[in-house]
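Right, one structure below, let's go through it.
Only a predicted model underlies this, so the values are computations on that prediction, with no experimental measurement involved.
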Amino acid sequence: MEKILTAMLGGMAATLGIALLSLGQSMTSDWQLLMAPFGATAVLLFAAPLSPFSKPLNVIGGHVLTATIGLLFAEYIGFGAWAVAVATGLAITMMVLSNTLHPPAGANPILIIQSQQGWWFLMEPVLLGAIGLVVSAKVFEKVKVYFYQQKNLNTSGRHKAS
């Protein structure tokens, strides 16, 4: 039962995290806060929060690093198949070397090069969106801890011996 409850809470928290970015994006047509890799980021943050891939440095650093590589390739190398392949491989290498490994961020060079994004993409959605998801996940973790503490307080009183 606890696994079901945890799964439901994680799913609801992911819904809220993505919804906040989506609502923020819809409030102004000038901002882009969502990108496809954030769906996979939400899986890690809300369903596997203790994974090393879910650390704030990994999420934010991994996304920013790989997006930067994708943007450099888009600007200076081009938009061909080899650019996509080499940029993706380099992005993975750099995440490993910098201890910012975040698997969903590996998609960033592909997304950026194929959709021919410009440098503003690094700020939004990459940086602002990653920060928004990390903050949402941290709030969720605090709520979850509080919920379980309350649950344990309520149930511990009922099980005391007379």
Side-chain angles (χ1 to χ4, degrees), residues 3 6-144:
K3 183 176 182 178
T6 300
M8 289 174 54
L9 287 173
M12 288 189 303
T15 299
L16 291 173
I18 296 294
L20 287 173
L21 294 180
S22 184
L23 288 171
Q25 181 173 307
S26 67
M27 290 172 65
T28 172
S29 61
D30 295 337
W31 283 29
Q32 180 181 347
L33 297 175
L34 288 174
M35 62 179 185
F38 286 163
T41 294
V43 171
L44 288 170
L45 288 173
F46 299 106
L50 299 178
S51 166
F53 305 136
S54 299
K55 292 179 188 174
L57 176 65
N58 291 55
V59 174
I60 297 166
H63 276 298
V64 169
L65 177 63
T66 59
T68 300
I69 291 168
L71 289 162
L72 286 168
F73 270 72
E75 185 165 328
Y76 296 109
I77 306 298
F79 301 101
W82 281 106
V84 171
V86 173
T88 302
L90 180 61
I92 293 166
T93 300
M94 295 307 295
M95 282 192 293
V96 171
L97 291 175
S98 65
N99 293 319
T100 59
L101 189 60
H102 182 66
N108 290 347
I110 298 167
L111 169 68
I112 288 166
I113 294 169
Q114 287 189 335
S115 62
Q116 301 181 11
Q117 296 296 328
W119 283 98
W120 190 250
F121 196 80
L122 187 60
M123 179 62 72
E124 59 175 76
V126 176
L127 181 60
L128 293 177
I131 290 171
L133 283 175
V134 166
V135 168
S136 296
K138 291 299 179 188
V139 169
F140 167 65
E141 284 302 309
K142 297 285 185 195
V143 169
K144 188 168 77 171

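The minimum heavy-atom distance linking Ser136 with Leu20 is given by the pair OG-CD1, 3.8 Å. Minimum interatomic distance between Gly106 and Thr88 (heavy atoms only, all atoms of both residues): O-CG2, 3.7 Å. Among all heavy-atom pairs drawn from Ala13 and Phe46, the shortest one is CB-CD2, 3.5 Å. Taking each heavy atom of Leu44 and Pro103 in turn, the nearest pair found is CD1-CD, 4.3 Å. Of all non-hydrogen atoms in Gly78 and Ile113, the two that sit nearest each other are O-CG2, 3.9 Å. Heavy-atom minimum distance, Ala105 versus Pro109: O-CD, 3.7 Å.
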### Message
Walk me through whether Glu75 and Trp119 qualify under side chain to side chain donor-acceptor pair (under 3.5 Å).
### Response
CA-CA 9 Å; Glu75 185 165 328; Trp119 283 98; 2.3 Å; yes
### Task
Report the C-alpha distance between Leu133 and Ile18 in whole Å, list the side-chain angles of each, state the deciding distance to 0.1 Å, and finish with yes or no for side-chain contact (heavy atoms from CB on, under 4.5 Å).
CA-CA 7 Å; Leu133 283 175; Ile18 296 294; 4.0 Å; yes
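No donor-acceptor pair closer than 3.5 Å links the side chain of Ser54 to the backbone N or O of Leu50. The main-chain N or O of Pro37 is never found under 3.5 Å from a side-chain atom of Asn108 such that the two would form a donor-acceptor pair. The main-chain N or O of Leu111 is found under 3.5 Å from a side-chain atom of Ser115 such that the two form a donor-acceptor pair.
With rounding to the nearest 0.5 angstrom, the CG atom of Leu122 is 10.0 Å from the CG atom of Leu65. Here CG of Leu33 is found 10.5 Å from CG of Leu127. Values are rounded to the nearest 0.5 Å. Considering CD of Gln116 and CG of Leu71, their distance stands at 12.0 Å, rounded to 0.5 Å. Taken from CD1 in Ile60 to NE2 in His102, the straight-line distance is 10.0 Å, to the nearest 0.5 Å. Distance check: Phe53 CZ to Leu45 CG gives 13.0 Å after rounding to the nearest 0.5 Å. The CG atom of Asn99 lies 8.0 Å from the NZ atom of Lys55; values are rounded to the nearest 0.5 Å.
When side chains are defined from C-beta on, Phe73 counts as touching Leu90, because their heavy atoms get closer than 4.5 Å. Residues Gln32 and Phe121 have side chains in contact (heavy-atom distance under 4.5 Å, counting atoms from C-beta outward).
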